[in-house]
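Beneath this line is the structure, given in C-alpha cells, with notes to follow.
Bear in mind that the values here come from a model prediction, so they are computed numbers and not experimental data.
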Amino acid sequence: MSGKTILYVEDNALNRKMIRHLLRGTTYRLIEASDGEAGVAMAREQRPDLILMDVQLPKVSGIEATRTLRGEPSTANTPIIAITSFALTGDEQRQGRWSVGLPRETLQSVHPVGDDSKTGP
Amino acid sequence: LSSRRKTPLNRALSSTLDLETVLDTIVTRANQLAGADGGWIYEYDEAAALFRLRANSYEDPHDVATLDPIRRATPIPWGQGVASRAASSRRAVHIPDIAVEGAYESPMRAALLEAGYRSILAVPLLVEGRVIGALGVSRKTPGEFSPEIVRLLSTFATPSALAIQNARLFREIAEKSRQLEVASRHKSEFLASMSHELRTPLNAMLGFNELILGQVYGEVPADLQEPLADIQTSGKHLLRLINNVLDLSKIEAGRMELALADYSVQDAVESVRTALRPLAADNGLEFVATVPADIPLAHGDGSRIVQCLMNLAGNALKFTRQGRVEIAVELRGDLLIYRVADTGIGIAPDKIDTLFDEFRQADATITSNFGGTGLGLSIARKFVELHKGRIWVDSELGRGSTFFIAIPLRVDGGATA
C-alpha cells in the first residue's frame, strides 16, 4: 500500500506548501495543480489515488472540476475530498457542495498520517 | 368651487403622492371650471432654469394628440412664455391675444396658433415665496379673462404647488434611501471581501503553527509548547471574530439566507455537546444535555441553530467557574424551546437589556477575564429572529443564567434577514 499518489488542487501557494510539508516523510507521492483546469488535466493524466480539492479555484471551480471528473469513467471513482481551510464559514462550505457528491465532512485541519494503511479507501 | 367638486380634488391630493395623477386632476378641473379650451402645469427646474410640462388637458381630443407631445418635448426657458412672466411677477398674468406681434414670445407660440389658441392666463406656483412652477389655461377666443376666472385659477395654485413640493420631497427621500442602501451594500461587500482577505493569511499562520505543534518539523522543545499553543488559541479567536463580523454584516445587509431543511434536534444538541465537551472538562464543569426522545424532526436551518447553541453554551461554559451547564429542549405545542442553563456569574438586571446588542458584554472587564467576541449573542438573536423566534434570558447575579430560544418547530418560507 505504499507510493500512492495524492493530487492537491489549490491556488494558494502557502496552502500547497502546508500539505507538502505535512506529507513529507510519508510514502505518499504528492502532485499539485494550482487551478481547476490544470487539476482536471493532471487527474486525467496521472490517475491519482486521491484528490484533495479546494472549493474556490481560478479558471474552473473545485465544484465544477469535481463534476467533470465524476463524469469521466477514468476518474469517476477516484475519492475526492473537498478541502476548505480553517478560514471558511459554514456558508461558503455549503455552497453547492452536496450536489456534486463531495463528502459531507471537510478536512478542517489535516494531521500527518504515519501509517498509510489507515487511510486506504 | 362647489363642495361637490372640492371633495374629489382634496381626496386626490391627500390620498396619493403620484404627482401626475394629482396634477392631471387639478388641470382638468381648472380647465373645466374656467371654461377654457386647454390647461397646463409646468414645474420649474431651478438648476436648469427651465419650465417642464407636468400635466396638460384639452377639451378637444385633437389638441391632446397634437399639443401634448409638443409640450412634453419643449421645455420653456426662464424669461420666455407666460409661465415665466407669472413666476417672476409672483402674480396672475394674462395675454389677451397671442396673435398680436410681440405679445407672446414662446417656443409654443406657433403650435398654439396652429391649433387655434388665442388667449392665455397663468398663475405662479409658489411655496414660501419660491417658484415651483406655473398653472395656466388657454382659450381659442381672444380677450381678457374675467376676475372670477383669475381668482378661480389662483385657488388651484396652492394645492398644485404643494403637490409638486411633496412629490419633490418624496423623490428626495426615495433618492436618499436609495443612496443609503447602496452605501450599506458597499459596506457589507467590503466587509465580506475584507474578511476573506483577512482569513487567507490567517489560515496559513494557523496551519503552519499546527504543523509545528504536530511535530511535522521535528520535536517541539518543551518551553515552546505553551507559546505555540497560545498562538493557536489567539489565532482561532481572531478567526472567530472575523467570521462573526462577516455573519453580522451579511445579516445586516439582508444577504443572510437560511438554508431551511428538516433537521434532528437530538443531533443538533449532540454536536454542540461533542464540540464543547473538552472546554467543559478543562473547566471541571458538569455538562449535560436533555432532549426528549419523542421530539419530532424540526424544520429550519440546523447549522445556524447549532451555531446559536454553541454561542450560548460556549458562553455558559466560559462564565461558569464551578457547577454545571445544561442544554435542554422542550416542545410546547408548535414551539420548540431550547434552554441553556448555567450556575455561573449571572447577569445584573440593568445589563440584560443591552446584552443582545453588538459588542456588548455585561461588563467591559469581562472580555479580559473570559475572552469572547461580544458578538455571539447578537448573532444568535439575529438567527433566532430569522427563524421567526425569540431569544431571552433569566438571570440572577451570582446564581447563574438561563438562556431561552423559542422558535417554531417548523419554520416556513424563505426567510431573509
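Shown here is B:Arg410, whose CZ atom has more than 12 heavy atoms of other residues, nucleotides or ligands within 6.0 Å. Taking a 6.0 Å sphere around CD of B:Gln215, one finds it holds more than 12 heavy atoms contributed by other residues, nucleotides or ligands.
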Sequence neighbours excluded and cut-off under 3.5 Å, please list the side-chain donor-acceptor pairs for residues 33-45 of chain A, or say none.
{"from": "A:Asp35", "atom 1": "OD1", "to": "A:Glu37", "atom 2": "N", "distance (Å)": "2.9"}
{"from": "A:Asp35", "atom 1": "OD1", "to": "A:Ala38", "atom 2": "N", "distance (Å)": "2.8"}
{"from": "A:Arg44", "atom 1": "NE", "to": "A:Glu72", "atom 2": "OE1", "distance (Å)": "2.9"}
{"from": "A:Arg44", "atom 1": "NE", "to": "A:Glu72", "atom 2": "OE2", "distance (Å)": "3.2"}
{"from": "A:Arg44", "atom 1": "NH2", "to": "A:Glu72", "atom 2": "OE2", "distance (Å)": "2.7"}

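Most heavy-atom pairs under 4.5 Å with chain A: of the set B:Ala204, B:Pro201, B:Gly235, this distinction falls to B:Ala204.
Scanning all heavy atoms of the two residues, the minimum distance from A:His21 to B:Leu211 falls at CB-CD1, 4.0 Å.
Take A:Arg20 and apply the side-chain hydrogen bond (donor to acceptor under 3.5 Å, both in side chains) test, not counting sequence neighbours, and it matches A:Glu32.
With values rounded to the nearest 0.5 angstrom, B:Phe208 atom CZ is found 10.5 Å from A:Leu22 atom CG.
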